[in-house]
Amino acid sequence: MNAHDYALQANGSFALPDACFKVKALMADESSEISNFADVIGIDPSMTSRLLQIANSAIYSFPGEISTISRAITIIGTQAIYNMMLVDVAATAFKHFENQAIDLKRFWRMSVYCGLVSKNLAISAGIRDIERLFVAGLLQNFGELLVAKINPEVAQQCEKYDKSQLPWQLQEQVLGYTYTEISADLLKIWQIPEKIILPIRHFNAASSIEINKDVKILNLASRLALIDSHSEEFSYADVIDESLCRPLGLSVDDLTQAADFAEKEATSILSIMNPKLFSK
């Protein structure tokens, strides 16, 4: 199977809800009003509740409480709401996913941590529209869930990474491509904006893509997430490519600050996205 085959086999647990497509269509319609967006989202009380939880979380860090979708749209805009819906899709898929092939707590932790670090590094690098990088960080390894569901034995092989063979290097050896390539193909099928897909698709070409800062941010964030989840195995010196920092104007202190932020906030975000697994 190639990466696209895995993406095509994504079943209902990984499907993008109609509400996401409707919101995307409203964003493209200049005559759309805030009430139109609120009506689409409000049909699903569960989604509304989760989006408000996300809006009031450390992902956005807005002063004061956001109590309605209409207020959220007014304050943070339709693009941010759409991004939050993508986060909610991931949360829903993760919540209903049960598989012994991979360490789900590790998967969750690395995904959310990567998203938080990506956002924080983007701030330090002076990048605009930082929420898209949180979404890219969160979804970049989504392909791992698909492999674990469709070919659990292969996923177990890919879990056996170490300092001599980093995760994406082992995935390349076992599969012939990486989880991020599967993720990018799935997000393409979902019609996710290309600016979110691009850093995921080119994740392993970070050092050769000179014009796109998002790719470099995501690569650094993924490596910091690896250190966080396997501190006994990996160190900064083992996995961080400092050549990626220079074009971004990032220092070691910036990376440390981003890692500290993610470590502090990851648990609260995880408890929103999967309370059953992380509120114990």
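In what follows, residues are counted from 1 in the order of the sequence shown. Hydrogens, waters and symmetry mates are skipped; everything else that's a heavy atom, side chains included, is used.
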Please tabulate, for side-chain N and O atoms in residues 253-260, each donor-acceptor pair with protein atoms closer than 3.5 Å (sequence neighbours left out).
| unit_1 | atom_1 | unit_2 | atom_2 | d |
| --- | --- | --- | --- | --- |
| Asp254 | OD2 | Ser251 | N | 2.9 |
| Asp254 | OD2 | Ser251 | OG | 3.2 |
| Thr256 | OG1 | Val252 | O | 3.0 |

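- Neither side chain, Ser70 nor Thr68, offers a donor N or O lying under 3.5 Å from an acceptor on the other.
- At a threshold of 4.5 Å between non-hydrogen side-chain atoms, the residues Tyr6 and Leu186 do not count as touching.
- Between Tyr177 and Ala3, the closest heavy-atom pair is CZ-N, 3.5 Å.
- Here OH of Tyr113 is found 15.0 Å from CG of Leu138. Values are rounded to the nearest 0.5 Å.
- By the 4.5 Å heavy-atom criterion applied to side chains, His4 and Ile189 are counted as neighbours.
- Residue Met1 is grouped with residue Val154 when hydrophobic side chains (ILVMFWY) are merged at heavy-atom distances under 4.5 angstrom, including chains of intermediate members.
- Contact check for Leu220 versus Cys245: side-chain heavy atoms found under the 4.5 Å cut-off.
- For Lys24, the NZ atom counts as densely surrounded, since its 6.0 Å shell holds more than 12 non-hydrogen atoms of other residues, nucleotides or ligands.
- Within the structure, the side-chain hydrogen bond (donor to acceptor under 3.5 Å, both in side chains) test picks out the following pairs touching residues 224-234 (sequence neighbours left out): Arg109-Asp228, Tyr161-His230.
- Remark: the backbone N or O of Gln140 is not paired with any side-chain donor or acceptor of Thr180 at under 3.5 angstrom.
- With sequence neighbours left out, Lys163 forms a salt bridge (charged side-chain N to carboxylate O under 4.0 Å, His left out) with no residue at all.
- Judged by distance alone, with hydrogens and angles left aside, the side-chain atoms of Asp162 form a donor-acceptor pair with the main-chain N or O of Gln165 at under 3.5 Å.
- Formation of a donor-acceptor pair under 3.5 Å by the Gln171 side chain with backbone atoms of Tyr179 is found in this model.
- Taking all atoms of both residues into account, the shortest heavy-atom contact from Ala136 to Ile200 is O-CD1, 3.7 Å.
- The backbone N or O of Phe203 lies less than 3.5 Å from a partner atom in the side chain of Asn219, making a donor-acceptor pair.
- Linking ILVMFWY side-chain heavy atoms closer than 4.5 Å, directly or via other members, places Ile217 and Ile227 in a single hydrophobic cluster.
- In terms of hydrophobic clustering, with Ile, Leu, Val, Met, Phe, Trp and Tyr side chains grouped at heavy-atom distances under 4.5 Å, Ile130 and Ile196 are assigned to different clusters.
- In this structure, CZ in Arg71 is found 12.5 Å from CD1 in Ile73, a value given to the nearest 0.5 Å.
- No side-chain heavy atom of Gln156 sits under 4.5 Å from any side-chain heavy atom of Ile102.
- We find that Arg223 and Asp238 are not joined by a salt bridge, their nearest charged nitrogen and carboxylate oxygen being 4.0 Å or further apart.
- Counting heavy atoms from C-beta outward, Leu218 and Cys114 have side chains that approach closer than 4.5 Å.
- For Ile43, there are no side-chain contact (heavy atoms from CB on, under 4.5 Å) partners at least two apart in sequence or on another chain.
- Within the 3.5 Å criterion, the main-chain N or O of Ile182 finds no donor-acceptor partner in the side chain of Asp185.
- What you find for Ser118 and Ala221 is that their closest heavy atoms are OG-CB, 3.2 Å.
- Side-chain contact check for Phe234 versus Leu224: every heavy-atom pair is 4.5 Å or farther apart.
- The side-chain contact (heavy atoms from CB on, under 4.5 Å) check on Asp39 picks up nothing, with sequence neighbours excluded.
- Residues Phe37 and Thr78 are in side-chain contact: their nearest non-hydrogen atoms beyond the backbone lie under 4.5 Å apart.
- Atom OG of Ser35 is separated from atom CD1 of Ile69 by 13.5 Å, given to the nearest 0.5 angstrom.
- Using a 4.0 Å cut-off between a side-chain N of Lys or Arg and a carboxylate O of Asp or Glu, Glu144 and Lys149 do not qualify as a salt bridge.
- Under the 4.5 Å side-chain heavy-atom criterion for Ile, Leu, Val, Met, Phe, Trp and Tyr, Leu248 and Ile123 are members of distinct hydrophobic clusters.
- We find the CG-CG distance between Leu170 and Leu175 to be 8.5 Å, quoted to the nearest 0.5 Å.
- Atom NZ of residue Lys264 and atom CG of residue Leu116 lie 12.0 Å apart, to the nearest 0.5 angstrom.
- In summary, the side chains of Gln79 and Asn83 do present a donor paired with an acceptor at a separation below 3.5 Å, with no hydrogens or angles considered.
- Between atom CG of residue Asn56 and atom OG of residue Ser67 there is a gap of 8.0 Å, rounded to the nearest 0.5 Å.
- For the residue pair Leu26 and Ser32, the shortest heavy atom distance occurs at O-OG, 2.9 Å.
- Put simply, the side chain of Asp214 does not reach to within 4.5 Å of the side chain of His202, judged on heavy atoms.
- The heavy-atom pair separating Lys213 from Ile127 by the smallest distance is CB-CD1, 3.8 Å.
- Nearest heavy-atom pair across Lys216 and Pro247 is CE-CG, 4.0 Å.
- For Tyr82, there are no ring pair (Phe, Tyr, Trp, His ring centres under 6.0 Å) partners, not counting sequence neighbours.
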